[in-house]
Amino acid sequence: MRIWLDTEFIEDGNTIELLSIGMVREDGATYYAEPAEPAETDRSRADEWVTAKVLPHLHGPVRPRAEIADELIQFAGAAPEFWAYYAAYDWVALCQLYGRMIDIPAGWPMFCRDVQQLRAELGVEVLPPQESTEHNALADALWTKAAHEFLHTVSRAAYAPAGVSRLTR
């Protein structure tokens, strides 16, 4: 099952500290949670940008990281296909819920697919604008799903010279 995800986090060049995670499955089911503060996340470490753009959108539910990890196993199932927008840090933040990357649940992929990479591959210049609140992990996950669906409506031929596939050399 495809799952689109987004996280909000604090990062300082050395660590990525999860503030919230949002997911939406292809069947429309959603998940959102924030790690317990201050025991499992230290919001006082947030820089000016995170304080202004992310912290105002944190509204719970708040759960222990171990509970979030267990709930995500139930939500995602045994063989999910994860997608995110600029996925690198989102993927790390998700994997860290389980410890090391090799500790993620059995059957889960060792990578996350990236909507931004798909956009670039297809040669699409602009994605539809996000109408919802940016930097709310669930709202961003829902937009990521919509952006992915938009890209699948784009004809590859419309973005490549006649007779040339953008996927081959």
Quiz item: side-chain contact (heavy atoms from CB on, under 4.5 Å) between Trp83 and Leu118: does it pass, once the steps are laid out?
Solution: CA-CA 10 Å; Trp83 284 85; Leu118 179 61; 4.1 Å; yes
Exercise. Using the side-chain contact (heavy atoms from CB on, under 4.5 Å) rule, take Met110 and Met101 through it: C-alpha gap first, then chi angles, then the decisive distance, then the call.
Key: CA-CA 7 Å; Met110 297 292 285; Met101 185 178 288; 3.8 Å; yes
Exercise. Determine, step by step, whether Asp140 and Glu134 satisfy the side-chain contact (heavy atoms from CB on, under 4.5 Å) criterion, reporting the C-alpha distance in whole Å, the side-chain angles of both residues, the deciding distance to 0.1 Å, and the verdict.
Key: CA-CA 6 Å; Asp140 290 349; Glu134 286 186 67; 4.3 Å; yes
Quiz prompt | side-chain contact (heavy atoms from CB on, under 4.5 Å) evaluation trace for Glu8 with Leu18 | solution = CA-CA 6 Å; Glu8 299 300 336; Leu18 183 67; over 6 Å; no
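The nearest pair of heavy atoms linking Pro35 to Ser20 is CD-N, 4.2 Å. The two residues Gly22 and Ala141 come nearest to each other via the heavy atoms O-CB, 3.6 Å. Annotation for Pro109 and Pro80: closest pair CD-O, 3.3 Å, computed over non-hydrogen atoms. Contact detail for Arg63 and Pro61: the closest heavy-atom pair is NH1-CB, 2.9 Å. Minimum heavy-atom separation, Val126 to Phe150: O-CE2, 4.0 Å. Of all the heavy atoms in Tyr32 and His57, the pair that sits closest is OH-O, 4.0 Å.
For Glu17 and Thr41, the side-chain atoms include at least one donor-acceptor pair closer than 3.5 Å. Side chains of Asp12 and Thr15: a donor on one and an acceptor on the other come within 3.5 Å. Neither side chain, Asp6 nor His135, offers a donor N or O lying under 3.5 Å from an acceptor on the other.
Without hydrogens or angle criteria, Glu34 side chain to Ile21 main chain gives no donor-acceptor distance under 3.5 Å. Within the 3.5 Å criterion, the main-chain N or O of Val24 finds no donor-acceptor partner in the side chain of Tyr31.
Rounding to the nearest 0.5 Å places CG of Asp42 at 12.5 Å from CD of Glu40. Lys145 contributes atom NZ, which lies 15.0 Å from atom CE of Met23 (distance to the nearest 0.5 angstrom). Taking CG from Asn136 and CD from Gln130, the interatomic distance works out to 9.0 Å, rounded to the nearest 0.5 Å. Taking CD1 from Ile3 and CG from Leu94, the interatomic distance works out to 9.5 Å, rounded to the nearest 0.5 Å. A distance of 14.5 Å separates CG in Leu138 from CH2 in Trp143, rounded to the nearest 0.5 Å. Atom-to-atom distance recorded for Thr153:OG1 and His148:NE2 is 11.0 Å, nearest 0.5 angstrom.
Considering only heavy atoms from C-beta on, Val50 stays 4.5 Å or farther from Arg45 through its side chain. Contact check for Arg2 versus Arg113: no side-chain heavy atoms found under the 4.5 Å cut-off. Using a 4.5 Å heavy-atom cutoff, the side chains of Phe9 and Asp90 are in contact. Within the 4.5 Å cutoff, the side chain of Arg43 has heavy atoms near those of the Leu58 side chain. Side-chain atoms of Leu19 and Leu55, non-hydrogen and from C-beta on, do get closer than 4.5 Å to each other. Between Ile10 and Asp47 there is no side-chain heavy-atom pair separated by less than 4.5 Å.
Hydrophobic clustering (ILVMFWY, side-chain heavy atoms < 4.5 Å, transitive): Val115 and Val92 are in distinct clusters. Note on Val54: it does not cluster hydrophobically with Ile16, by side-chain heavy-atom contacts below 4.5 Å among ILVMFWY residues. The hydrophobic clustering, which links ILVMFWY residues whose side-chain heavy atoms are closer than 4.5 Å, places Tyr86 and Val124 together. Under a hydrophobic-cluster definition in which Ile, Leu, Val, Met, Phe, Trp and Tyr are linked whenever side-chain heavy atoms come within less than 4.5 Å, directly or via other members, Ile104 and Phe111 are assigned to different clusters. One hydrophobic cluster holds both Tyr98 and Leu5 under the rule that ILVMFWY side chains link at heavy-atom gaps under 4.5 Å.
A distance of 6.0 Å or more separates the ring centres of Trp4 and Phe82.
Ion pairing between a basic and an acidic side chain is recognised when a charged N comes within 4.0 Å of a carboxylate O; Asp103 and Arg100 show such pairing.
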